[in-house]
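Below is one structure, written out as structure tokens, with a few remarks after it.
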Amino acid sequence: MVFYEVVAGATVVAHLIFILYVVCGGFLAWRWPRTIALHLAAVAWGFTGLIVGIDCPLTHLESWARVRAGQDPLPSSGFIAHYLTGVVYPESAAGAIQTLVALGVVTSWAGYVVLRVRTRTPLAPTRPGGAGL
């Protein structure tokens with residue numbers, strides 16, 4: 001039973017880290033540009049899950065472990081509704097929170113593009129005086 005409690009707890013932590021990465025990963029890509037593809041995939045998965053209603057495997061894993069640990073499974077409303085909505089922010093603010101997260105993600109991507117354009121090396125080498133070859 002203790003094993004399943006540990007699995008359920010570790011799954012909660014992994015889920016929270018994933019959600020935090022979806023929210024902030026674009027900003028991390030400003031520092032580590034190679035991570036942008038991973039962030040794009042995480043956002044695609046996260047938003048598809050919310051919009052289309054695809055079940056998250058982490059939610060299933062936590063429910064499975066909770067049942068084997070003698071606890072109630074997560075409600076059908078899912079992880080976010082159970083742990084965040086009504087706990088971290090009021091239920092009436094769920095739409096506003098989703099909008100703010102989307103705006104944050106888009107802002108992080110816009111900043112990523114601006115930084116990449118600014119730090120792009122010139123296509124043709126230049127001489128020390130700034131003139132082209």
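Everything numeric here is computed off the predicted structure, so don't read it as measured data.
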So if you build clusters from Ile, Leu, Val, Met, Phe, Trp, Tyr with side-chain heavy-atom gaps below 4.5 Å, do V13 and V7 land together? no

Single-linkage hydrophobic cluster, 4.5 Å side-chain cutoff, V88 and F18 together: yes

Does S63 reach the main-chain N or O of L74 with its side chain, forming a donor-acceptor pair under 3.5 Å? yes

Enter the distance from L16:CG to L58:CG here, rounded to the nearest 0.5 Å. 10.0 Å

With heavy-atom distances below 4.5 Å as the criterion, would you say the side chains of V67 and Y4 are in contact? no

Approximate separation, where rounding is to 0.5 Å, of E62 CD and H82 NE2: 7.0 Å

Listed partners of F47 passing ring pair (Phe, Tyr, Trp, His ring centres under 6.0 Å), at least two apart: none

Residues which pass side chain to side chain donor-acceptor pair (under 3.5 Å) with R68, listed by chain and number, not counting sequence neighbours: none

Nearest 0.5 Å, please: how far is OG1 in T85 from CD in Q98? 7.5 Å

Please determine whether residues V12 and L61 belong to a single hydrophobic cluster, defined as Ile, Leu, Val, Met, Phe, Trp and Tyr linked transitively by side-chain heavy-atom distances below 4.5 Å. no

Flag side-chain contact, heavy atom, 4.5 Å: W109 against H39: yes

For the residue pair L84 and I97, establish whether any side-chain heavy-atom pair is separated by less than 4.5 Å. no

Taking a hydrophobic cluster as the set of Ile, Leu, Val, Met, Phe, Trp and Tyr residues connected by side-chain heavy atoms closer than 4.5 Å, whether directly or through intermediates, do Y21 and V106 fall within one such cluster? no

Just verifying a value: how many Å separate T59 OG1 and Y83 OH, rounded to the nearest 0.5 Å? 9.5 Å

Only pairs under 3.5 Å count here: list side-chain donor-acceptor contacts from residues 22-34, not counting sequence neighbours, and write none if there are none.
{"unit_1": "W30", "atom_1": "NE1", "unit_2": "S108", "atom_2": "O", "d": "2.7"}

Heavy-atom pair with the smallest gap, counting every atom of C56 and H15: SG-NE2, 3.6 Å

Under a single-linkage definition using a 4.5 Å side-chain heavy-atom cutoff for Ile, Leu, Val, Met, Phe, Trp and Tyr, are L40 and L103 assigned to the same hydrophobic cluster? no

